[in-house]
Structure formats: C-alpha cells, structure tokens
Amino acid sequence: MTPSDTIHDHPSYTPNEMMIAAAARELAGQRVCFVGIGLPNIAVNLALGTVAPELELIYEAGAYGAQPARLPLSIGDPTIVTGSLAVMSQIDLFGLYLQGGLVDVGFLGAAQIDRFGNINSTVIGDYASPKVRLPGSGGANEIALHSHQVFVVMRQSRRSFVNEIDFRTSPGNTPGEKRGPSVVVTDLGVYHFDDDGEMRLDTIHPGRTLDDVHGAMEWEVRLSTELAETPQPSDEELRLMREVLDPERRYLG
C-alpha cells in the first residue's frame, strides 16, 4: 500500500477540494497572477471569486485580465479571452509584462519538487532516455524567474516530493539563489520556505497526520513551531468549485 492509498475523502469534501481551497486562499491580497492550466487554474479562478476579487489573470496564450466564462481545458481554449483587458502575442506578454516585472504571482504545477522548491515538469528518469516525457517547461522557467512570487499546487507522494529531481525545469530556493517558490500547497498540507531556502510545513489538512506527510516525501520535513490545522473549505468555496468552476469534476476528484 502506498501512502496515497491511505488517504480517504472527508465526508463533506475531497482531498482535491481541500487542496484547491487552501491554494486559492494563498492569493489573498495579490493582484496580477500568471496561471497555468490544471490545478493552478481552478485554484486561481476560485480565488477570483472569493479572497481576491480584483485579481488579474494572465494566460500564456496571450490573454491579460482574463475572466473565463468557464474553466479552460487547455492553454488554447478560446474561453481564456473572455472579458480580457488585452489579448497580445506571446512575445509581448513575456517580454513586456513578465520580464518587465509586472507579474506578482506565477502559479505553477509540478511533477517533482525537492526540499528547496526546485521543480521538474520535463522528464521522469534520464533526460536522454526518460521513463516518462512530460509536457516540459512551456513558460514555467520564465514564470519562476521573473514573477515576484511563485506558488505551487500539486499532489504529494514519494514520487513527487523527492530528494533529487530528475531534471530542473524551474529553479528553487537553493542556498545562494533564493529565487524559487514561496508557497507549496498539496493534498496534505501547506508549506512555506525558511530564510535558508528549505521547505517548512505550516499547516496540515484536517484528517491528515504527520505520518501521512512523512510517508509521502523522501526527506525529513521541517515543521513550523506553530504547526496548525488548515481551515476546511467553506460552503461557498465548495459551491463555486462544484457548481461553477468544475461541475464535471475534472479536477475535484
């Protein structure tokens, strides 16, 4: 039995719903967010409807200030231009907005992450002969380098929280660099980073234990001196996720 096999749904919400709600809350007070498709996308759109109503979304395809009429299925989904403040070429988006320092938060997913927040979304195994070839960087490296902050949302297991990633797609907070993620939200808890760049568990989701957390990562996790329980999803957060953002439950589980 793997660690993930021991994780069961809470009676009133799923692990994915807990993770998405926790990730959305991290965006409170933020203004401009560069968002990818998948779990980051639903988390950011939930924040737009709850804690960050003035959030301006940027999608890699070239939409700025997007207000999607429904949850986009891909980066090329036409709904991402709905209500946009501007639509432009990728070179303008990356060159003028992202590299121009106008993005507050880049919200990314990851296949692997290490204790310093180095991210792999390129390959599993050797690069020249990988076990799995993943979608790759896309704009993830540029987003990680040029956003003021980087948030990560991903499912946690010993295959994803590893001592050494197979390929460094996006830089972390390796000592001497300090340019990686500031927040990592998983289906087990919420992590931030200490001054030396190492990941720290700050809250653990209801019904989860430290044994669950330790069993789903390859290193000995650093714990906050004020370790707390993550607040459960509210009725409004659950309504938005289930009825508005993902009624077909592509991401909610």
Colleague: Taking everything shown except E164 itself, do over 12 heavy atoms lie less than 6.0 Å from its CD?
Modeller: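 No - once you tally the heavy atoms of other residues, nucleotides and ligands closer than 6.0 Å, there are 12 at most.
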Colleague: Which value, rounded to the nearest 0.5 Å, describes the distance between M217 atom CE and I113 atom CD1?
Modeller: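 Reported to 0.5 Å precision, the distance equals 9.5 Å.
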Colleague: Counting only heavy atoms not in R159, do more than 12 sit closer than 6.0 Å to its CZ atom?
Modeller: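 No, the 6.0 Å shell around CZ holds no more than 12 heavy atoms from other groups.
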Colleague: Would you check if L98 and I58 make a side-chain contact, meaning some heavy-atom pair closer than 4.5 Å?
Modeller: no
Colleague: Could you measure the distance from the CZ atom of R168 to the CG atom of N118? Nearest 0.5 Å is fine.
Modeller: 5.0 Å
Colleague: Can you see which heavy atom on S84 is nearest to which on A63, and at what distance?
Modeller: OG-CB, 3.7 Å
Colleague: Please determine whether salt bridge (Lys or Arg N to Asp or Glu O under 4.0 Å) holds for the pair D104 and R31, giving the CA-CA distance in whole Å, both sets of side-chain angles, and the decisive distance to 0.1 Å.
Modeller: CA-CA 7 Å; D104 296 318; R31 186 60 186 269; over 6 Å; no
Colleague: Is the number of heavy atoms from other residues, nucleotides or ligands within 6.0 Å of CG (D126) greater than 12?
Modeller: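 Yes, CG of D126 has more than 12 neighbouring heavy atoms, counting only those of other groups under 6.0 Å.
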Colleague: With rounding to the nearest 0.5 Å, note down the distance linking CE in M19 to OG1 in T230.
Modeller: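 Answer rounded to 0.5 Å: 12.0 Å.
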Colleague: Would you compute the distance between atom OH of Y251 and atom CD1 of I20 and round it to the nearest 0.5 angstrom?
Modeller: 9.5 Å
Colleague: For Y59 and D77, does a side-chain donor sit closer than 3.5 Å to a side-chain acceptor?
Modeller: no
Colleague: How many angstroms lie between CG in N120 and CG in L134, if you round to the nearest 0.5 Å?
Modeller: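 Rounded to the nearest 0.5 Å, the CG-CG separation comes out at 6.0 Å.
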Colleague: What's the spacing between N163 CG and D114 CG if we round to 0.5 Å?
Modeller: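 Those atoms lie 8.5 Å apart.
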Colleague: Are E26 and H192 linked by a side-chain donor-acceptor pair shorter than 3.5 Å?
Modeller: yes
Colleague: Does NZ or CZ of R133 lie under 6.0 Å from the centre of the six-membered ring of Y127, at an angle within 45° of the ring axis?
Modeller: yes
